[in-house]
Amino acid sequence: MRELLGEGEFELVVPDGATLVDCWEALRARNRKIDALASATRIARNGRVAALLDERVAEGDEIALLPPVGGG
Amino acid sequence: MSLFAIVRDAIDPRTLEAAVWSEACGAVTMFLGVVRERASDGRPVTGLVYEAHEAMALTEFAEIAHEIGQKYPGVRVGIVHRIGELRVGEIAVAVCAASPHRPAAFDACRYAIDEVKARASIWKNERYADGTGEWVSN
């Protein structure tokens with residue numbers, strides 16, 4: 001993911017009241033290559049995987065894009 | 001040593017065992033995941049690089065252990081995963097289960113490693129002899 005997007009951690013600015021869907025759209029606007037990851041990526045907000053992407057985000061939240069895991 | 005850890009240095013299975021075992025336990029099982037010399041497709045591997053979302057992985061380890069406590073009363077487990085660069089032969093993950101009797105120790109150890117592989121927020125980059133690498137999922 002980091003290789004595809006060419007960046008790892010960064011700040012994302014979204015309007016007040018934005019949801020995780022809005023964050024994803026902001027990421028797409030930043031880099032359309034992210035579309036290739038959409039089906040396999042889970043999204044976590046502040047360390048918890050979001051079941052629904054209509055969760056609202058707040059300033060300072062950590063949004064993590066999680067590719068399929070490979071531990072062990 | 002803590003029962004759940006993400007570490008950057010070599011894993012010592014005996015330290016984990018000591019943390020998990022208690023005097024009530026007559027059975028201890030240990031699974032060690034070790035870096036092997038070939039990828040699943042047969043390509044020679046020089047090593048693996050692991051990355052983790054550490055806070056999430058530790059929470060997931062604790063959740064898995066909690067589930068084991070429900071499924072196998074009296075069993076305690078410890079889970080340690082190493083991250084960073086590992087060479088062939090080095091231990092990437094250790095899971096230890098201690099129980100009064102052996103059936104639950106085997107079952108809990110198996111459950112723990114299967115769940116770690118399925119859901120812990122850890123990622124693996126296989127490094128090949130030609131200098132390239134690839135992220136691989138379980």
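The chains referred to below are lettered A, B, ... by the order of the sequence lines, with proteins before strands, and numbering in each begins at 1.
Hydrophobic clustering of Ile, Leu, Val, Met, Phe, Trp and Tyr side chains at less than 4.5 Å, counting indirect connections, keeps A:L66 apart from A:L12. Hydrophobic clustering (ILVMFWY, side-chain heavy atoms < 4.5 Å, transitive): A:L53 and A:V49 are in distinct clusters. In the hydrophobic clustering of ILVMFWY residues, with side-chain heavy atoms under 4.5 Å counting as a link, A:I43 and A:M1 come out together. No path of Ile, Leu, Val, Met, Phe, Trp and Tyr side chains, each step under 4.5 Å between heavy atoms, connects A:I34 with A:V13, placing them in separate hydrophobic clusters. Clustering ILVMFWY residues whenever any of their side-chain heavy atoms sit less than 4.5 angstrom apart, transitively, puts B:V116 in the very cluster that holds B:L58.
Pairs passing the salt bridge (Lys or Arg N to Asp or Glu O under 4.0 Å) check and including a residue from residues 15-35 of chain B, sequence neighbours excluded, read B:R14-B:E17.
Residues from residues 67-78 of chain B never place a non-hydrogen atom less than 4.5 Å from a non-hydrogen atom of chain A.
Only the backbone of B:A118 comes within contact range of chain A, judged by heavy atoms closer than 4.5 Å. Neither the backbone nor the side chain of A:A40 comes within less than 4.5 Å of any heavy atom of chain B. Contact of B:A120 with chain A is made through the backbone alone, with heavy-atom distances under 4.5 Å.
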Identify each donor-acceptor pair in which a side-chain atom of residues 96-106 of chain B lies under 3.5 Å from a protein atom, sequence neighbours left out, and give them as a table.
residue : atom : partner : partner atom : Å
B:S99   : OG   : B:H101  : N            : 3.2
B:S99   : OG   : B:H101  : O            : 2.8

Cross-interface N/O pairs, chain B with chain A, donor-acceptor, under 3.5 angstrom:
residue : atom : partner : partner atom : Å
B:Y50   : OH   : A:G72   : O            : 2.6
B:E51   : OE1  : A:R2    : NH1          : 3.0
B:E51   : OE2  : A:R2    : NH2          : 2.7
B:H53   : NE2  : A:E62   : OE1          : 2.9
B:H81   : NE2  : A:G72   : N            : 2.9
B:I122  : O    : A:G70   : N            : 2.7
B:I122  : O    : A:G71   : N            : 3.3
B:W123  : NE1  : A:P67   : O            : 3.0
B:W123  : NE1  : A:P68   : O            : 3.4
B:K124  : NZ   : A:G70   : O            : 3.2
B:K124  : NZ   : A:G72   : O            : 3.2
B:W135  : NE1  : A:E3    : OE1          : 3.3
B:W135  : NE1  : A:E3    : OE2          : 2.9
B:N138  : N    : A:V69   : O            : 3.0
B:N138  : ND2  : A:G71   : O            : 2.7

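Considering only heavy-atom pairs separated by less than 4.5 Å from chain B, the leading option among A:A64, A:A44, A:P68 is A:P68.
Shown here is B:D130, whose CG atom has more than 12 heavy atoms of other residues, nucleotides or ligands within 6.0 Å.
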